[in-house]
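Each remark here refers to the structure printed beneath this line.
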Amino acid sequence: MQLRTLIAAAALLAASLAQAAPTSQQLQDLAKQEQPALLETLRALVEIESGSKDLDGLAAVAGLIAGKLKALGGEVSMIEPTEVYRMEDTPERQGQMVKAQFKGRGSKKLLLIAHMDTVYLKGMLKDQPFRIEGERAYGLAIADDKQGVATILHVIALLQKAGIDDYGTLTVLINGDEEISSPGSRATITRTAADQDMTLSFEGAGAQGGVRLATSGIGSAYLSVEGRSSHAGARPEGGVNALTELAHQLLQMQDLSEPATGLKLNWTMAQAGTNRNVIPAQATAQADARALRVADFDRLEKELQRRVQQRRLADAKVQLKFEVRRPPLEATEASRALAKRAQAIYAELGLAMQVAEVATGGGTDASFAAMQARGPVIEGLGLTGFGAHSNDAEYVDIRSIAPRLYLVTRLIMEMSGANP
């Protein structure tokens, strides 16, 4: 009964706004009334498992999203990944992207992005179903990033109910491979964002509800050593110990992190040998790299390649491959200005907003959007929450729904040239 009453009130309010721009208070009221519907969308999204390599699950959740965008009046298309950036762990196929475009009366081009894939394996939903406890909504991948998808859908619904269409085009792009470094969608994200006047990315806002102007770049180093096997007891001198050479290489590359600049290199995986009594002929290792600037990755790769030439065993063959899985997002004057407007809008609600200009280690698709973007790109427009990638602890704060819907709607209005 309460939900029907809210929907009826929203319809009446929307009708009254048809002839004039809504006031700030009217927008706040509409945002609050949108909350129950957003929670229902969240429930529907969470109840579809959509791991990055689960093509059937990704197709199902993409179909749900596409249907909702069509119902909102969007021109919807499904984009098959064709420009794939292949990395060591890139699957043969990636899920489709969902793209929708809404036409307005103005000239500004605006882009909203989020991802529908998750890190979870199929079958884990039964242990992490959607549920509401107090002011928190829990569920599989609810914070990363199904809340982002739901927030975008209901921002568009709010815009329509408020009669706001002062933008030129409002584009939505939802991809299904973010958790595996977006091999199939990165080119589309970069190309789509290139001519946008503003790009908002809807990863979660963290526990404090801030926005981010910078995210870490993520790289990987792959080290391989080829030696020669021999009997470890009867004739060890006849072999070339790949494990010994690998240990030497790792030790001479352990000092490449630079805390002052945010550059990090940590060797995290290694493998060597087949039997206890055989000198190992093969050895491999992998490292995780993080950087705050694109130039730091270039510098790191050059130094890695220089050092692998310094071998302990002359007959060992050492190769190093470095790949940039995700470039860093760097703060710009345009993104700083947009973040200040976001802070001012939040202040209208009596809420403080933190703006992070220095990355803390994570990377997102906002970095691909910013590579050629002419307008500002900011990250973290999703809901407040916690527990991403965890077991039965991932949640969003229900109290952040209305403020976030209001914030994004106001940013769209202001970038489009309209004011409440």
Side-chain angles (χ1 to χ4, degrees), residues 10 13-14 17 21-22 24 26-42 44-45 64-76 98-104 106 108-116 145-174 196-205 209 211 338 341-342 345-346 348-349 353 366 369 377-385 396-416 418 420:
L13 182 54
L17 299 177
S24 175
Q26 287 172 324
L27 276 180
Q28 292 179 47
D29 292 342
L30 282 173
K32 292 175 183 176
Q33 292 160 12
E34 195 66 23
Q35 178 174 302
L38 188 148
L39 285 171
E40 284 305 308
T41 295
L42 259 183
L45 291 168
L64 173 65
I65 295 166
K68 288 183 174 294
L69 288 166
K70 288 178 182 177
L72 289 165
E75 183 181 319
V76 179
V98 181
K99 183 179 181 181
Q101 192 171 83
F102 298 83
K103 302 290 180 63
K108 297 294 185 180
K109 296 182 177 181
L110 312 176
L111 175 63
L112 311 180
I113 64 173
H115 68 92
M116 58 185 143
D145 184 37
K146 298 201 170 179
Q147 60 73 30
V149 176
T151 302
I152 288 175
L153 291 171
H154 289 276
V155 161
I156 295 170
L158 179 55
L159 289 168
Q160 294 185 353
K161 290 174 182 177
I164 298 168
D165 62 350
D166 298 285
Y167 50 82
T169 57
L170 180 62
T171 301
V172 174
L173 184 62
I174 312 292
Q196 302 293 317
D197 294 293
M198 176 179 73
T199 297
L200 303 181
S201 183
F202 286 77
E203 292 285 350
V211 295
L338 185 59
R341 284 303 310 142
I345 292 167
Y346 243 37
E348 295 173 8
L349 305 176
M353 173 182 287
V377 177
I378 62 175
E379 179 60 273
L381 273 300
L383 305 179
T384 299
V396 293
D397 190 329
I398 294 172
R399 294 169 297 182
S400 68
I401 292 175
R404 228 55 180 180
L405 292 175
Y406 177 76
L407 169 66
V408 178
T409 301
R410 282 289 306 277
L411 287 175
I412 289 172
M413 290 177 67
E414 295 195 10
M415 182 58 72
S416 301

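All values below were derived from every heavy atom in this structure, side-chain atoms included, with hydrogens, water molecules and symmetry-related copies excluded. All values derive from a computational prediction rather than experimental measurement.
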Legend entry - Rounded distance [0.5 Å steps], CG in Leu112 versus CG in Leu153: 10.0 Å
Inset, instruction - Side-chain contact test, heavy atoms from C-beta onward, threshold under 4.5 Å: evaluate it for Leu383 versus Thr151 and give yes or no. - result: yes
Inset, instruction - Return yes if a side-chain donor-acceptor contact under 3.5 Å exists between Tyr346 and Arg341, otherwise no. - result: no
Inset, instruction - Kindly indicate whether the side chain of Ile156, heavy atoms from C-beta on, has any atom under 4.5 Å from the side chain of Leu170. - result: yes
Legend entry - Straight-line distance of Leu158 CG to Gln33 CD, nearest 0.5 Å: 9.5 Å
Inset, instruction - Would you mind reporting whether Val155 and Leu381 have side-chain heavy atoms less than 4.5 Å apart? - result: no
Inset, instruction - Sequence neighbours left out, what passes side-chain hydrogen bond (donor to acceptor under 3.5 Å, both in side chains) with Gln147? Give chain and number order. - result: Asp145
Inset, instruction - Examine distances only and state if a side-chain atom of Ser201 and a backbone atom of Glu379 form a donor-acceptor pair shorter than 3.5 Å. - result: no
Inset, instruction - State, yes or no, whether a side-chain contact exists between Ile345 and Leu411 at a heavy-atom distance under 4.5 Å. - result: yes
Legend entry - Closest heavy-atom pair and its distance - Ala342, Met353: CB-SD, 3.8 Å
Inset, instruction - Mind listing the closest non-hydrogen atom pair of Pro22 and Ile164 along with its distance? - result: CG-CD1, 4.1 Å
Legend entry - Note, Thr171 side chain near Lys99 side chain (heavy atom, < 4.5 Å): yes
Legend entry - Set of side chain to side chain contact (heavy atoms under 4.5 Å, CB included) partners for Lys108, sequence neighbours left out: Leu110, Asp197
Legend entry - Least distance between heavy atoms, Leu69 atom then Val76 atom: CB-CG2, 3.7 Å
Inset, instruction - To the nearest 0.5 Å, tell me how far Ile401 CD1 sits from Gln35 CD. - result: 4.5 Å
Inset, instruction - Evaluate the side chain to side chain contact (heavy atoms under 4.5 Å, CB included) criterion for residues Val377 and Leu338: first the C-alpha distance (whole Å), next the side-chain angles of each, then the deciding distance (0.1 Å), finally the verdict. - result: CA-CA 9 Å; Val377 177; Leu338 185 59; over 6 Å; no
Legend entry - Closest non-hydrogen atom pair, Ile152 against Ala114: CD1-CB, 3.8 Å
Inset, instruction - Over all heavy atoms of both residues, which pair between Ala205 and Arg404 is shortest? Give the atoms and the distance, please. - result: CB-NH2, 3.3 Å
Legend entry - Flag side-chain contact, heavy atom, 4.5 Å: Lys161 against Glu34: yes
Inset, instruction - Show your reasoning for whether salt bridge (charged side-chain N to carboxylate O under 4.0 Å, His left out) applies to Arg410 and Glu348. - result: CA-CA 11 Å; Arg410 282 289 306 277; Glu348 295 173 8; 2.6 Å; yes
Inset, instruction - Start with the C-alpha gap between Val408 and Phe202, add the side-chain angles, then the distance that decides, and say whether side chain to side chain contact (heavy atoms under 4.5 Å, CB included) holds. - result: CA-CA 10 Å; Val408 178; Phe202 286 77; 3.8 Å; yes
Inset, instruction - Would you tell me whether Gln101 and Thr169 have side-chain atoms, one donor and one acceptor, within less than 3.5 Å of each other? - result: no
Inset, instruction - Starting at CD1 of Ile174, measure out to CD1 of Ile113 and round the result to the nearest 0.5 Å. - result: 8.5 Å
Legend entry - Ile412 and Asp166, any side-chain heavy atoms less than 4.5 Å apart: no
Legend entry - Minimum side-chain heavy-atom gap Phe102-Gln160 below 4.5 Å: yes
Inset, instruction - Heavy atoms only: give me the nearest Gln196-Lys109 pair and the separation to one decimal. - result: OE1-C, 3.2 Å
Inset, instruction - Compute whether any side-chain donor of one residue and acceptor of the other, for Glu203 and His115, lie under 3.5 angstrom apart. - result: yes
Inset, instruction - Rounded to the nearest 0.5 Å, what's the gap from OG1 on Thr384 to CG on Asp397? Could you check? - result: 6.0 Å
Legend entry - Worked verdict on Ile378 versus Leu200 for side chain to side chain contact (heavy atoms under 4.5 Å, CB included): CA-CA 5 Å; Ile378 62 175; Leu200 303 181; 3.6 Å; yes
Inset, instruction - Using side chain to side chain contact (heavy atoms under 4.5 Å, CB included) as the criterion, list what pairs up with Ala150, not counting sequence neighbours. - result: Leu38, Thr41, Leu42, Leu45
Inset, instruction - Measure the spacing between CG of Leu159 and CG of Leu405 and express it to the nearest 0.5 Å. - result: 9.5 Å
